[in-house]
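Below is one structure, written out as structure tokens, with a few remarks after it.
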Amino acid sequence: MAELHLNIGTIAALPKAQLDTILSRLREKGYRTVGPRIRDDAVVCGPIAGLADLPQGLTSVENAGQYRIVPSGNKRYFDITPGAQSWKQFFFPPRVSLFTARKNGNWNVEKPSEPAPQIAMIGVRPCDIAAIKIQDMAFMRDDFTDPLYRDRRKNAFLVAVNCLHPGGTCFCDSMGTGPKAGGDFDLALTELDDVFILEIGSEAGKEIVKGMPLQPADASLQQKADQGLAAAREKMGRRMDVRDLPDLILKNLNHPEWEAVAKRCMSCASCTLVCPTCFCWDTQDHTSLDGNETERERVWDSCFNPGFSYQAGGNTRPNTRSRYRQWLSHKLGSWKEQYGVLGCVGCGRCITWCPVKIDITEQVAALRKEARS
Amino acid sequence: MPAPCKTTVAVFKFSSCDGCQLQLLNMEDELLALAGAVEIANFLEARRRVLPGPYDVVLVEGSVSTPHEAELIKKIREEAKILIAIGACATAGGIQALRNRADVDEFARAVYPHPEYLHYLPKATPISDHVKVDLELYGCPVSRAEVLEAITALLQGRKPNLPQHSVCLDCKRNGTVCVMVSKGMLCLGPVTRSGCGALCPSCGRGCYGCFGPQPGADMNTLVPALRALEKDPRETARLLSHVTGFAPAFAQAAESIFAEEKKK
């Protein structure tokens, strides 16, 4: 059989066992292969050596404030949606040392010298690709680029997986970010019962699969994938009407709903930390007792942390109402002006992982009632 | 040139288990540097020598539970330029403050053949109920890192960098799966001040609130959420009645559940 001619955009059928080959080729190139693993009753991003490490035959049931893993009733590997963790932890680490300064006569500043890790991310969902693109805009701006983020991002290899099984809190279809990845991946997979449909998204992706036993994906396979994706759009657990955003938020900053949601929100910050686009951080200096050494560390922070908006003279967001409004009016409001897109990708994490079941889609709907336009 | 006067540090114990003082001794990597940077003037658990006051910094462990302690803390305050209350007992009353909801005389009669020899107060109370406290460091036990940060900041004349956020933020920084959402476990993390590094959830357990309620702790939201997870409301009240159970936010929330149960 003639070998399939590979190009960016080539779509092929990949026997499932061949994913192991892709993973081992990635490791030969120096990548750590990371993907969905089950730990502590949830999907987390963990090391994946091969298919055997994937959560085969499992799926997740999600609702506001609730997450459970259950059997899926089939043998597919990627029927389970992501847990609380997103890929941002690898580009924008929760804790990272920025520099250490030592005084020996003069101050000497040393930056950490270890190179950025090279990570191949297996099973990146289309919503999460959209989230990575949003964080790219925040961390790799024309006028300022964060070198820590840039080096990690450039070193990454993305294997997307299109979603045929959206979760109970998913609404990527409303946000236009899924269930099919539109680009910005190296390889993309759509999982059917007995085969993956593989799409090549970059030169690096083409290089990895070169010489593998790929078959052309015939029309019936592609049709099955398309039907699966169409069905997935119908199965989204949540929807959000975005037609009047960002104005709905920005013109209703004194809506009574802000007060109402503040009564149900604990300001615990979980939503912002599981959000794959939230990028707020704090820098903390750790000084030695003698004052001759200090380390500056960057850590994830949140607009829900009372300390986040504390300044000389007091707190500019002194209560939960102002903090929740800040979060939503940035994410679904001023974000658009700042980056040209909304800051929400419809992954549903903030709904699932809110301990008190606050639902961003319900909040938008509630604002629309009695809204000023 | 004479050596510059070192900052003097004294450590005093009130009703407590000594665990917070042990945390000071457990600073294996930093203890020598600390002993070199300050003059340990009074720390009976660590050394026999006692220097007379006044002291620059006084660390107080434990709650005030006896008439003797109520007098002693006033004297110590007079000797202290800066008084730091360390740990759940000193800042919230500790586990012994559980008696604050009960009749202590009855306990004494039940346990001791001669309760008349005991001298105790009806309540175990935090240091700040008795004297002005300049800084509170929370936890059961107190965080070594926070004690060191407080002393370092004082030596360098800057504000100590102490967290105000909830335990949830640390769970997420650590990549710990939320036990409330994934397992339906009772957890005080969303309203508890960080400081432990989210230890219990990382071991698959809910937070016990050792560092006490964070500023503005929203009990009105968390308590109904916990009660929805666990049929017996007393479980929520018991969780709130732990080492920081006498902190006002936790105490009020627990008491209203107990009162409601009593009516049934």
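Every value quoted in this text rests on a predicted model; they were computed, and no experiment measured them. Letters A, B, ... mirror the listed sequences (proteins, then strands); counts begin at 1.
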- For residues B:Lys172 and A:Pro94, determine if any side-chain heavy atom of one lies less than 4.5 Å from a side-chain heavy atom of the other. no
- Item | B:Arg158 side chain reached by A:Thr287 side chain, heavy atoms, under 4.5 Å | yes
Look up atom [atom1] in [X] and atom [atom2] in [Y], then write down how far apart they are to the nearest 0.5 Å.
| X | Y | atom1 | atom2 | answer |
| --- | --- | --- | --- | --- |
| B:Glu149 | A:Asp285 | CD | CG | 9.5 Å |
| A:Asp290 | B:Leu34 | CG | CG | 12.0 Å |
| A:Asp41 | B:Cys178 | CG | SG | 12.0 Å |

Using only atom types and a distance under 3.5 Å, with no angle test, would you say the side chain of [X] pairs donor to acceptor with the backbone of [Y]?
| X | Y | result |
| --- | --- | --- |
| B:Gln156 | A:Ser288 | yes |
| A:Arg264 | B:Thr221 | no |
| B:Arg173 | A:Trp300 | yes |
| A:Gln89 | B:Gly175 | no |

Check whether [X] gets within reach of chain A through its side chain, its backbone, both or neither, counting any heavy atom under 4.5 Å.
| X | value |
| --- | --- |
| B:Leu229 | neither |
| B:Asn220 | neither |
| B:Leu222 | both |
| B:Ser166 | side chain |

Between [X] and [Y], which heavy-atom pair has the shortest distance, and what is it?
| X | Y | value |
| --- | --- | --- |
| A:Met266 | B:Pro190 | CE-CB, 3.3 Å |
| A:Asp40 | B:Ser182 | O-OG, 4.0 Å |
| B:Asp218 | A:Lys263 | OD2-O, 4.2 Å |
| B:Val177 | A:Val44 | CG2-CG1, 3.8 Å |
| A:Thr352 | B:Val181 | O-CG1, 3.2 Å |
| B:Leu169 | A:Ala269 | CD1-CB, 4.3 Å |

Who wins among [options] for the most heavy-atom pairs under 4.5 Å with chain A?
| options | value |
| --- | --- |
| B:Val191, B:Asn161, B:Thr192, B:Leu148 | B:Asn161 |
| B:Met219, B:Lys183, B:Gln214 | B:Lys183 |
| B:Ala37, B:Cys168, B:Ala225 | B:Cys168 |

Exceeds 12 heavy-atom contacts within 6.0 angstrom, atom [atom1] of [X]:
| X | atom1 | result |
| --- | --- | --- |
| A:Trp281 | CH2 | no |
| B:Arg205 | CZ | no |
| A:Asn104 | CG | no |

- Note on the structure: Applying a strict 4.5 Å limit to non-hydrogen atoms, the region of A:Lys357 in contact with chain B is neither
- Contact origin within A:Cys45 toward chain B - heavy atom pairs under 4.5 Å: neither
- Item | Top contributor to chain B interface from A:Ala42, A:Ser302, A:Ser270 [non-hydrogen pairs under 4.5 Å] | A:Ser270
